[in-house]
Every structure is written in structure tokens, then in C-alpha cells.
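A quick write-up on the structure given underneath.
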There are 2 protein chains.
Amino acid sequence: MALNSLLAYINNYVSLTEEEERLLETYVTKRTYLKGQYILQQGDICRHSSFITKGCSKMFVVDADGQEHIIMLAVEGWWNSDIASFINQKPADFNIQCIEDTEIVQFHYDTIETVYTLVPKLEKFFRKILERGLAASQKRIIRNFTMTAKDRYLYFKASYPDIDQRIPQYMVASYLGITKEFLSKIKSQIAQER
Amino acid sequence: MALNSLLAYINNYVSLTEEEERLLETYVTKRTYLKGQYILQQGDICRHSSFITKGCSKMFVVDADGQEHIIMLAVEGWWNSDIASFINQKPADFNIQCIEDTEIVQFHYDTIETVYTLVPKLEKFFRKILERGLAASQKRIIRNFTMTAKDRYLYFKASYPDIDQRIPQYMVASYLGITKEFLSKIKSQIAQER
DNA sequence: GCTAAATGTTAATCTAGTTTAATATCTTTT
DNA sequence: AAAAGATATTAAACTAGATTAACATTTAGC
């Protein structure tokens with residue numbers, strides 16, 4: 001069940017007592033979305049920090065030309081939120097939309113500091129996953145600078161084989177920062193090399 | 001003096017008591033580096049999380065072709081560390097080198113968890129700056145996808161006018177993910193537009 | 001099972017940014 | 001103040017990836 005997978009995830013980083021788990025339960029809410037629904041829309045204020053327990057989402061911006069650019073693809077065990085919007089309670093730059101029917105467990109902005117006070121281990125937990133997130137984000141910037149589109153695609157496939165199967169190619173292309181046509185070309189190149 | 005600027009910075013995010021400040025002091029060390037010296041070298045394990053109190057540094061990788069790619073330029077009031085190396089105590093992918101004579105105040109990996117325990121506000125502090133760091137890193141990925149090199153340069157100049165003045169153009173180019181020749185072209189284009 | 005919509009492919013043309021190489025300028029050392 | 005090293009500019013040739021457009025295939029709704 002949804003809450004348990006969140007607890008199991010948190011317990012990989014810190015060890016919550018039974019009591020702390022009970023307390024935490026009272027501060028999170030479960031929500032479900034259908035494929036296509038938005039967890040967050042550009043311009044709205046991001047009120048929640050959401051943990052995906054089932055399904056798949058994309059976080060993206062729409063640029064001046066109406067083109068979609070995906071910064072993040074998330075499946076079970078990933079976090080979803082426009083952090084800048086969440087921490088400043090300012091309108092979001094990013095959209096978060098479900099690619100499959102999706103179930104999330106969420107913390108609300110208004111109570112999250114209370115949760116940190118009641119269960120300081122959760123502040124440690126978020127500190128740790130933010131460290132990992134920032135390290136990963138920096139490495140992604142470097143990959144985008146140093147690797148060709150083809151190598152980035154191969155890296156993506158190897159790193160996230162599960163995500164690669166579940167979402168359409170044109171979203172993978174957007175995540176990689178290239179056009180769907182060019183990804184198609186890359187794929188046929190790779191196929192010929194065999 | 002160095003320590004005071006760190007304390008002032010931390011107090012922007014959390015409010016330390018006199019006693020907490022005293023305690024913190026016993027866990028940080030000051031170091032100075034000359035221009036050109038390395039705070040961290042690729043392959044070494046990152047043992048410290050460093051706050052710059054004076055000077056300027058670059059964080060970069062050297063790719064297979066021997067080319068340098070800068071992920072981060074840091075001046076007074078910025079943090080420096082290869083986070084992945086620091087949290088996992090594994091060899092660093094990144095180098096951190098001083099561009100000017102530089103003074104830092106640093107936390108050591110071996111005692112930082114102790115500091116968090118003694119002064120939980122510091123865990124909150126790091127959680128907050130990591131949130132900001134991750135938000136900024138994600139926005140940079142999007143800028144790299146959506147903006148032309150010229151617009152990224154103008155954005156950089158506007159956002160970090162102080163850094164722009166202090167470091168050579170070829171490092172700005174590397175930070176922007178373009179060649180120094182192309183940045184030179186962009187600059188002459190901009191000059192002609194006036 | 002049919003139709004429409006969504007997704008994917010191919011190929012020609014185009015362009016932002018790279019590469020190479022030569023020259024210029026600025027900074028530091030002696 | 002000369003020489004050497006570091007930094008910056010310019011321009012020609014080149015390439016990774018974008019754009020456009022036509023067509024193919026797969027998926028979902030009825």
C-alpha cells in the first residue's frame with residue numbers, strides 16, 4: 001500500500017521509530033491521478049512535495065515557441081515538485097503531468113516545517129535526498145556538455161531501462177534535449193551497427 | 001573575518017544562538033589557497049564541504065579529449081564540494097581550482113553528522129540551501145535546452161555581473177558550454193548591435 | 001473491425017556552434 | 001623594456017543536430 005512504500009523508502013536513509021511513522025502518517029495525504037492529468041501546472045503555486053508510489057510523470061516547461069522540454073521523468077520511488085515554486089510559494093515554471101494513471105503521497109507546504117520539528121529525522125532524510133538530487137543534476141549538466149546525443153541516449157537507456165520502456169520516444173527525445181526525428185535517426189544508426 | 005561571514009550567511013536561513021555559534025566554531029577550519037591551487041582534484045575523495053569567504057574558484061571536469069568543462073563558478077558566499085564524492089566518500093569526478101587567492105571555511109566529512117546532531121538548525125540550513133541549489137541546477141538544464149548560446153551569455157552576464165568581471169572569457173565560454181571562439185563571435189555580434 | 005488520433009520513420013535542406021589555424025593583445029617576469 | 005606566456009579575436013571549412021514535410025505504423029475509441 002502507498003504509505004508503506006514511502007516509509008520503506010525513507011527508512012533507507014534514516015530509521016524511523018513506530019511512533020515517528022504514526023506521526024508522519026497524520027501529515028501525508030494520498031492522491032490518485034489519471035493519465036494526462038496535471039499534478040502541477042505552470043503558473044500555479046506548488047503546494048505539495050509528492051512521492052510517486054505508482055505510475056509515471058513528466059516535469060516539463062513549454063517554451064516561447066510552444067515546444068515542450070522535459071527536465072525530469074519520474075516513476076515509483078521518485079519525488080515530484082517544482083522546488084523553486086514550493087520553497088518560495090511563487091508561481092511554478094514547470095508543469096508536472098501524469099503519463100500513466102498515477103498514485104502519489106504528498107506533504108503539504110503549510111505543515112512540512114511542523115513535520116520537520118516533530119520528526120527531525122525527516123529533515124535529515126530530505127537533506128540527504130536533496131544532496132543526491134543535486135549531485136545527479138550537476139552530472140546531467142556535464143553529460144549534456146560532454147556527450148553526443150547518441151551517447152546520452154545509450155546512457156539513458158542503460159540507466160533507466162524501466163522508464164525507457166514505459167514512455168513514448170518523443171518524450172525520451174525531449175528529456176535528452178534533442179528532436180524526436182533525430183532520436184529516430186540515432187536509433188536506426190544503432191540498429192545498423194549490429 | 002572569515003568565520004563571521006559564514007555565520008552571517010547561515011543566519012539568513014536559520015537563527016543560531018550565541019551558544020550554537022560557539023559550538024559551530026569548534027567544528028570548522030579556515031584554509032587559504034593561492035591562485036591556481038586545487039581545493040579538490042579529480043580522483044581524490046572530497047573530505048570537506050567548503051564555504052568561500054574570499055576569492056573565486058571553478059569546478060570542472062576534464063573529458064576524454066583533455067577538454068575542460070566548467071559546471072560551476074564560485075565566489076564569496078558560495079559553497080564548494082563534489083557532493084557525490086563527499087556523501088559517498090568515493091573518488092571525485094570534479095576538480096575545484098582557485099582562480100584567485102582564496103580563503104575558505106570548511107566542515108569535515110568525519111564530523112559533519114556530529115555537527116548536525118549538536119546543532120540541528122544546521123541540518124535545516126543545509127536542507128534549505130540544497131533546495132535552492134537543486135532548483136537552480138534544474139533551471140540551468142532548461143536554459144541550456146531552450147536558449148541560444150547568445151541568450152545564455154546575456155543571462156549569465158546579467159545574473160552574475162561580478163563573476164563575469166573577475167574571470168577570463170574562455171572560462172565563461174566553458175561554463176556556458178560553448179567554445180571560446182564562439183563566445184568571441186557572440187560578443188562582437190552584440191557589440192555591433194549597438 | 002473501422003476510423004481517427006497519436007506516435008514513429010525517412011530524407012532533404014538548413015543552421016548554430018565546432019574546429020583549425022593564424023594573428024593580435026594583454027600580463028607577468030626578468 | 002624585451003621576452004614569454006596567457007588570453008582574445010577573426011575567418012574559413014566543417015558537422016551535429018534542427019527543421020520541414022511526407023509517409024508509415026501503432027493505439028485507442030466507437
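The analysis underlying the following values was restricted to heavy atoms, covering all of them including side chains, and did not include hydrogens, waters or symmetry mates. In what follows, every chain begins at residue 1, and chains take the letters A, B, ... in the order their sequences are listed.
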Output side-chain donor-acceptor pairs under 3.5 Å for residues 24-31 of chain A, partner residues at least two apart or in another chain, one line each.
from   : atom 1 : to     : atom 2 : distance (Å)
E25(A) : OE2    : R22(A) : NE     : 3.3
T26(A) : OG1    : L23(A) : O      : 2.6
R31(A) : NH1    : Y33(A) : OH     : 3.3

Check: residues 112-119 of chain A side-chain donor-acceptor pairs under 3.5 Å, at least two apart:
from    : atom 1 : to      : atom 2 : distance (Å)
E113(A) : OE1    : K124(B) : NZ     : 2.7
E113(A) : OE2    : R127(B) : NH2    : 2.9
T117(A) : OG1    : E113(A) : O      : 2.9

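Every pair passing salt bridge (charged side-chain N to carboxylate O under 4.0 Å, His left out) that includes a residue from residues 52-64 of chain A is listed here, sequence neighbours excluded: K58(A)-E68(A). Screening residues 77-86 of chain B for salt bridge (charged side-chain N to carboxylate O under 4.0 Å, His left out), with sequence neighbours left out, gives no hits. Within the structure, ring-ring contact (aromatic ring centres under 6.0 Å, His included) pairs that include any residue of residues 46-68 of chain A comprise Y9(A)-F51(A), H48(A)-H108(A), F51(A)-W79(A) (at least two apart or interchain). Among residues at least two apart or in separate chains, salt bridge (charged side-chain N to carboxylate O under 4.0 Å, His left out) pairs with a member in residues 165-179 of chain A are E76(A)-R166(A), E100(A)-R166(A). Residue pairs satisfying the ring-ring contact (aromatic ring centres under 6.0 Å, His included) criterion with at least one member in residues 80-104 of chain A, sequence neighbours excluded, are listed as follows: F86(A)-Y109(A). Residues in residues 133-147 of chain B take part in these salt bridge (charged side-chain N to carboxylate O under 4.0 Å, His left out) pairs, two or more places apart or across chains: D93(A)-K139(B).
Taking atom CG on N144(A) and atom P on dG17(D), their separation rounds to 11 Å, with Å as the unit. Following rounding to the nearest Å, I178(B) (CD1) and dA16(D) (C1') show an atom-to-atom distance of 16 Å. Summarising the geometry, the separation between CG on L176(A) and C1' on dG17(D) is reported as 13 Å, rounded to the nearest angstrom.
Note: L183(B) CG to R152(B) CZ = 11.0 Å, rounded to the nearest 0.5 Å.
Taking only side-chain nitrogens and oxygens, T179(A) comes nearer than 4.0 Å to OP1 or OP2 of dA18(D).
Counting 5' to 3', DNA chain C first comes under 4.0 angstrom of a heavy atom of chain A and last does so at the ends given by dT7(C) to dT10(C).
For K150(B), the salt bridge (Lys or Arg N to Asp or Glu O under 4.0 Å) partners at least two apart in sequence or on another chain are E193(B).
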Set out, line by line, the N/O atom pairs under 3.5 Å between protein and nucleotides 4-10 of chain D.
from   : atom 1 : to      : atom 2 : distance (Å)
dT7(D) : OP2    : Y170(B) : OH     : 2.9
dA8(D) : OP1    : Q169(B) : N      : 3.0
dA8(D) : OP2    : Q169(B) : N      : 3.0
dA8(D) : OP2    : Y170(B) : N      : 3.1
dT9(D) : OP2    : S184(B) : OG     : 2.8
dT9(D) : O5'    : S184(B) : OG     : 3.1

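Of all the residues in residues 61-75 of chain A, not one reaches under 4.0 Å from DNA chain C with any non-hydrogen atom.
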